[in-house]
Amino acid sequence: MAASAAARTSIGLTLRFHRVIPDCSKCPLYRLKSCTSNRANPQRRSSFNSFRTMNRHLQTSKCNSNSEDPDDVVNVVFIDRSGKRIPVKGKTGDNVLFLAHKHGIELEGACEASLACSTCHVYVSAAHFDKLPEPEEREDDMLDMAPMLQENSRLACQIVLTPDLDGIELTLPKVTRNFYVDGHVPKPH
Amino acid sequence: LLKPYKSVCIVGSGPAGFYTAQHLLKAHQNVQVDVYERLPVPFGLVRFGVAPDHPEVKNVINTFTQTAKHPRCSFYGNVNVGEDVSVDELQEAYHAIVLSYGAEGNRSVGVPGEDLPGVYSAKDFVGWYNGLPSCQELRPDLSCETAVILGQGNVALDVARILLSPLDALKKTDITQPALEALAQSRVCRVLIVGRRGPMQVASTIKELREMVNLPGTRPEMVAADFDGVAEALKDLPRPRKRLTELMLKTALEMPTEKEQERRKKASRIWGFRFFRSPVEILAEPGCNRVAGVRLAVNKLEGSGEKAQAVLTGEVEDVPCGLVISSIGYRSLPIDPTVPFDSRRAIVPNSMGRVHNAAGLYCSGWLKTGPTGVIATTMNSSFDTARSLLEDVESGKLDVSSAKPGSHMISSLLEKRGVKPVTFSDWEKIDDLETRRGEVSGKPREKILTVAAMLKVARG
């Protein structure tokens, strides 16, 4: 497993070096939510997507550089489903879903950031929730489908890091369905 | 060198199967997961259920592909569990079985005339336009003007949308070529989506409703009286229901902008919800063996919200139409007599994915919870089942103390029976050919439509 992971890492770096995998988080179209590449060329999209999935544990912005320019760093804390706090350093422009994948956080992105599912649903810390731009209608439509929706719910694939989000905490909803088929709810112990 | 593998067999390669596999592989270094699938091609309803004009929903296939190619995962297509190999034999070969074969049957409406030509289940209609081999002979008759869809969930809206979408929009999707040709000849220009209860009980969701409202070339036609009392009830609704109901109210009652009025005037196709109506009979012209209309009983609601019940008032009304599509739910079927099955609810009885009275048997997806929910719902349910299984390994409830023969045993059984499984790389040949064929016509893929043709490519 280690050997293949190393091979994937080097493939990922090589592909980014040769600009085969576009780095969406740096593109102004993406940041302004004007990117239409998901709809553009389906053939290219599907091969692009398989590269993105293959490298899901590695892809974020500038990850072939270890520079930690303090002006760029945005500190993020993920709180996983067991309550464990996982602090990570992101950078301005990072897409939070891909940042989570880079750090092995258990946040699915079934539709790969195309606003066609709600599997990257997170709760945003109160102090930062209002700093996020308003969700577009399509995000709200998908959020409506997410179990355990709260006032501070957002889809992680729509959150792009900016300096004023430093310290943001993103909690993964506890979506375990510990319900019996007949509706019986076991008492917590 | 390592501790012996725990071997798990998963029956069904749709989202339930793959998400369960994903979770098992990630959580445990020593689990070998073998996924069995009846068709030569994987992915279940992601391939055969998700609408052709919803390609982003199908992105999840990339995740499933990654799982299938995991070193400790193997895919065996073209294997019919229940016919080619029994669940008992699988239990001999594997430490645990996870049944995730979904719901391939229909709920029947249960009214006279249901078997008339021109009446189809939504499951079969969707299977037809999505290339499910068993539905390719459907040849639905689209020569009438009015279609009635029974049921108001997302599948009903998908069917309505595919019936009324401009052909240009469909041409660039992975809808099958025969379906595209049939829709090009279709005269259907009015689709009524009928439900027993009211606007606040529709099972569909806002994304799909918005797509109907915005469907080019169409205009909505609703009955204003159906919305009495709805505006007043809005403020108490939870957010998802509230937003959905607001959109319906706006579409049904609000005076459209001038621009929208213009658009509606030019629209040649009509769609609308009809509420408080239950089918009691499907009618034919005397002497003619074809559907000519639906007799609908008029209901009133008792109670409110999700629990409201439709109660007959005694009135009926007849709606002329030439096409009826019943979209009232899928239904799981039992595939092996040794597996417990609750035929009332059409699920395998279980608690958190552990099948009742059946050690070593688990279930996930629609077979476990019933046939509702989107991919995300199934994902959560599958992760739960995987967690139950892993807990049982941990606690010793699942006996993994002795090694099991796994796929070696099953492969030789299958060989003796003349069954040749399709591997994942065989599927990739099919995938590759479909994609290349699609490129010719600007489609993501041109699906291969028969099992025989799929096998030919797989073996080639």
Side-chain angles (χ1 to χ4, degrees), chain A residues 1 3-4 8 38-39 41-57 81 101 104 106 108-121 137-151 153 155 173-182 184 186, chain B residues 15 19 22-23 26 29 50 54-63 65-66 69 71-72 172-174 205-210 238-244 247 342 345 347-353 356 368-370 373-377 379-381 383-384 387 435 438-439 442-445:
Chain A
M1 280 303 277
S4 56
R8 280 203 299 281
N38 269 342
R39 297 184 187 241
N41 183 337
Q43 261 59 263
R44 180 177 158 279
R45 177 177 59 77
S46 64
S47 57
F48 167 58
N49 279 335
S50 58
F51 280 132
R52 280 165 69 186
T53 307
M54 238 167 59
N55 291 297
R56 66 190 284 170
H57 292 293
R81 297 180 212 281
H101 286 171
E106 274 187 357
E108 286 297 317
C111 75
E112 299 179 353
S114 54
L115 286 179
C117 78
S118 58
T119 59
C120 69
H121 172 212
E137 189 175 73
R138 289 168 58 212
E139 180 183 349
D140 271 333
D141 286 354
M142 286 301 110
L143 274 171
D144 279 359
M145 309 275 288
M148 302 171 66
L149 192 64
Q150 288 177 179
E151 288 289 331
S153 286
L155 295 182
K174 290 183 175 54
V175 288
T176 316
R177 297 231 159 277
N178 280 319
F179 293 106
Y180 290 95
V181 169
D182 62 1
H184 163 70
Chain B
Y19 273 129
Q22 177 185 311
H23 197 94
K26 190 162 177 192
Q29 292 304 314
V50 174
H54 288 167
E56 309 85 4
V57 176
K58 301 190 200 199
N59 283 347
V60 74
I61 284 177
N62 296 329
T63 308
T65 297
Q66 203 179 10
K69 292 169 111 151
R72 284 183 283 112
K172 299 299 178 193
T173 70
D174 64 6
T205 54
I206 195 168
K207 171 175 177 245
E208 284 72 14
L209 178 60
R210 230 185 264 291
R239 174 188 135 149
R241 178 60 71 185
K242 181 165 188 250
R243 290 180 77 240
L244 175 63
L247 180 58
D342 177 342
R345 304 158 96 156
I347 56 171
V348 169
N350 70 92
S351 303
M352 291 190 282
H356 289 169
K368 167 187 175 193
T369 56
V374 293
I375 293 174
T377 329
M379 178 188 85
N380 291 325
S381 147
F383 287 172
D384 274 354
R387 259 191 287 272
T435 309
E439 272 168 23
K443 298 166 79 169
R445 69 178 61 243

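Only heavy atoms go into these numbers, but all of them, side chains included; no hydrogens, no water, no symmetry mates. Letters go in sequence order (proteins before strands), and every chain restarts at 1.
Looking at heavy atoms from C-beta onward, D141(A) lies in side-chain contact with R243(B) at the 4.5 angstrom threshold. For the pair I375(B) and C117(A), the minimum side-chain heavy-atom distance is 4.5 Å or more. Looking only at side-chain heavy atoms (C-beta outward), F383(B) and E108(A) come within less than 4.5 Å of each other.
At a threshold of 4.0 Å, the pair K207(B)-D144(A) does not count as salt-bridged, since none of the basic side-chain nitrogens sits closer than that to a carboxylate oxygen.
Counting non-hydrogen atoms of neighbouring residues, nucleotides and ligands closer than 6.0 angstrom, the CD atom of E106(A) reaches no more than 12 such neighbours.
For R241(B), no part lies near chain A; criterion is any non-hydrogen pair under 4.5 Å. Heavy atoms of V57(B) lying under 4.5 Å from chain A belong to its backbone as well as its side chain.
Between A116(A) and E56(B), the closest heavy-atom pair is CB-CB, 3.7 Å. Summarising the geometry of M145(A) relative to T205(B), their closest heavy-atom pair is SD-CG2, 3.3 Å, with the distance given to 0.1 Å.
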